[in-house]
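I have placed the structure first, in the form of structure tokens, so that the comments after it can refer back to it.
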Number of protein chains: 2
Amino acid sequence: MGRPREHDTVTRDRLLAAAARLSADEGWEAVSVRRVADEAGTTTRAVYSLFGSKQGLEEALHEAMFERLGELMAETPRSDDPRGDLLAMRHAYRRWATERPERYAALMRFTGPRAAPRSPAGLALARSATAELREAIARCAEAGQLAERDIDALTVQWRAVAHGLAEFENHGLLEDGDLAWRRVLAALFDGYAAQAH
Amino acid sequence: MGRPREHDTVTRDRLLAAAARLSADEGWEAVSVRRVADEAGTTTRAVYSLFGSKQGLEEALHEAMFERLGELMAETPRSDDPRGDLLAMRHAYRRWATERPERYAALMRFTGPRAAPRSPAGLALARSATAELREAIARCAEAGQLAERDIDALTVQWRAVAHGLAEFENHGLLEDGDLAWRRVLAALFDGYAAQAH
DNA sequence: AGGGTATCGCAACGCCGTTATGGTACGGTG
DNA sequence: CACCGTACCATAACGGCGTTGCGATACCCT
């Protein structure tokens with residue numbers, strides 16, 4: 001039946017690597033299909049054969065980002081102290097957002113009403129990455145340490161707060177990043193706990 | 001000594017209005033110098049005479065945004081309850097961020113290490129807009145309702161949290177926006193207050 | 001061994017931001 | 001009032017962008 005798609009992924013990987021490096025070094029606005037193709041030693045046509053469009057290439061980069069978040073989330077230890085676990089998760093999110101600031105900022109532009117429809121694989125990755133966070137929050141709630149009953153709402157709120165901290169840190173607005181993350185998330189948790197009884 | 005710069009601002013205003021409308025209706029990526037000039041009934045050269053570049057035009061839009069934030073902040077009432085005042089300020093920030101989502105998101109891209117140097121006027125506007133927030137936090141601290149002594153750090157943290165909520169709401173990730181803003185900022189404040197003694 | 005398809009080089013299209021050139025309209029000065 | 005210097009902006013062009021039609025090639029599957 002002809003040549004299968006997964007003959008070899010060397011060109012695909014080189015295009016991805018070139019795009020990631022250009023994006024990290026000079027920002028996404030410096031990433032053009034021509035430059036990516038040149039750096040990968042091929043032509044623009046390869047991008048359109050392999051990814052469909054420049055946006056397709058960017059989505060592939062985003063999927064790699066979500067995989068990385070899953071890795072970092074899985075690395076955080078799980079103890080019998082749900083409050084400590086929830087607070088510890090900030091390290092995973094913070095590291096994820098700050099180790100590739102350019103890519104992190106680009107992720108948000110793809111989410112929302114005017115955004116392009118995300119691929120099913122990307123959606124599944126994003127969902128599974130937040131599953132562990134949701135579980136940690138649920139364990140806190142079961143331990144009676146949270147006033148709020150809506151676990152999904154709490155998960156989204158945690159993510160929103162972390163996102164704000166991440167963007168501020170990436171933009172150099174946080175004087176002491178580690179301290180700000182600790183203080184804000186601890187205060188948020190303590191505030192929810194204070195309403196519990 | 002010849003024709004002064006402020007002869008009339010009609011072309012300038014029309015360009016600004018066209019750019020704002022295009023950005024709101026179809027997103028900033030749909031805003032091209034040609035389209036803006038066409039909609040304003042002039043040519044691209046006018047943009048470069050009046051604003052220097054497309055980025056200059058965007059900065060003018062940002063200055064209008066900061067003016068609007070100042071307006072909204074000034075509208076929030078000031079009572080003798082510092083906690084209530086601080087919580088009430090969320091309405092100003094929330095309205096500001098959500099009434100022009102496209103422009104709000106663009107603002108962040110201009111702030112940061114790789115961003116273009118902002119105009120002095122824009123900087124002053126941004127600074128004065130946060131002054132009232134800082135003052136409200138200082139009054140809370142004076143009333144002994146906050147554990148933290150570093151008012152500037154608290155101001156930045158408040159802004160970071162508000163920013164995260166704003167972006168999540170603009171991207172349709174908050175099921176009940178009003179509730180999330182209230183819950184998160186109240187919990188944050190309560191958490192800080194709980195550490196006070 | 002051969003057919004069929006995924007891959008990708010080449011050249012082109014229409015759009016973009018930007019600018020060199022020049023014409024025009026207007027406020028200030030004599 | 002004449003006129004001059006300057007701000008404003010119309011025209012046309014340049015290089016770069018994302019994208020695509022066409023053709024050649026390399027490779028898996030039967």
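All chains are named by letter (A, B, ...) in the order of the sequence lines, taking the proteins before the strands, and each is independently numbered beginning at 1.
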TODO: List the steps, then state whether salt bridge (charged side-chain N to carboxylate O under 4.0 Å, His left out) holds for Arg14(A) with Glu39(A).
DONE: CA-CA 8 Å; Arg14(A) 286 216 296 218; Glu39(A) 301 237 359; over 6 Å; no
- [ ] Quick one: label Thr43(A) by what it contacts on the DNA or RNA (base, sugar-phosphate, nothing), any heavy atom closer than 4.0 Å.
- [x] base
Task: Identified salt bridge (Lys or Arg N to Asp or Glu O under 4.0 Å) counterpart of Asp178(B) within the set Arg95(B), Arg183(B), Arg94(B) - done: Arg94(B)
Task: Interatomic distance where CD belongs to Glu29(A) and C1' belongs to dC17(D) [whole Å] - done: 14 Å
Open item on the list: Over all strands shown, is Val47(B) touching base, sugar-phosphate only, or nothing at heavy-atom distances under 4.0 angstrom?
Closed with: nothing
Task: Sugar-phosphate only, base, or nothing, as touched by Ser49(A) at under 4.0 Å among non-hydrogen atoms - done: base
- [ ] Could you tell me the separation between the CD atom of Glu26(B) and the P atom of dC15(C), rounded to a whole number of Å?
- [x] 15 Å
Open item on the list: Using ring centroids (six-membered ring only for Trp), state whether His163(B) and Tyr104(B) fall under 6.0 Å.
Closed with: yes
Task: Rounded distance in Å - CZ (Arg12(B)) to P (dC8(D)) - done: 10 Å
Open item on the list: Assuming nearest nucleotide by heavy-atom distance, tell me which of Leu15(A) and Lys54(B) is located more 5' along DNA chain C.
Closed with: Leu15(A)
- [ ] Would you indicate what Val36(A) reaches in the nucleic acid, counting non-hydrogen atoms under 4.0 angstrom: base, sugar-phosphate, or nothing?
- [x] nothing
Open item on the list: Please report the distance, rounded to the nearest Å, between CZ in Arg14(B) and P in dC8(D).
Closed with: 15 Å
- [ ] Could you check which of dC16(C), dT19(C), dT20(D) has an atom nearest any side-chain atom of Tyr48(A)?
- [x] dT20(D)
Task: Thr42(A), nearest nucleotide to its side chain (from dG9(C), dT18(C), dC8(D)) - done: dG9(C)
TODO: Compare the minimum distances between each of dG18(D), dA12(D), dC8(C) and the side chain of Val33(A), then state the nucleotide with the smallest one.
DONE: dG18(D)
Task: Side-chain donor-acceptor pair present, Trp96(B), Glu71(B), cut-off under 3.5 Å - done: no
- [ ] Kindly point out which of dA12(D), dC8(C), dA12(C) is positioned nearest to the side chain of Arg34(A)?
- [x] dA12(C)
TODO: Would you mind reading off the distance between Phe51(A) atom CZ and dT7(C) atom P, rounded to a whole angstrom?
DONE: 10 Å
Task: Ala19(B) backbone acceptor or donor facing Ser23(B) side chain under 3.5 Å - done: no
TODO: Rounded to the nearest angstrom, tell me the gap between atom CD in Gln55(B) and atom P in dT19(C).
DONE: 12 Å
TODO: Nearest whole angstrom, please: distance from the P of dT11(D) to the CG of Asp38(B).
DONE: 11 Å
TODO: Classify the side chain of Arg45(A) versus the base of dG21(D) as yes if they form a donor-acceptor pair under 3.5 Å and no if they do not.
DONE: yes
Task: Spacing of Trp28(B) atom CH2 relative to dC16(C) atom P, expressed in whole Å - done: 13 Å
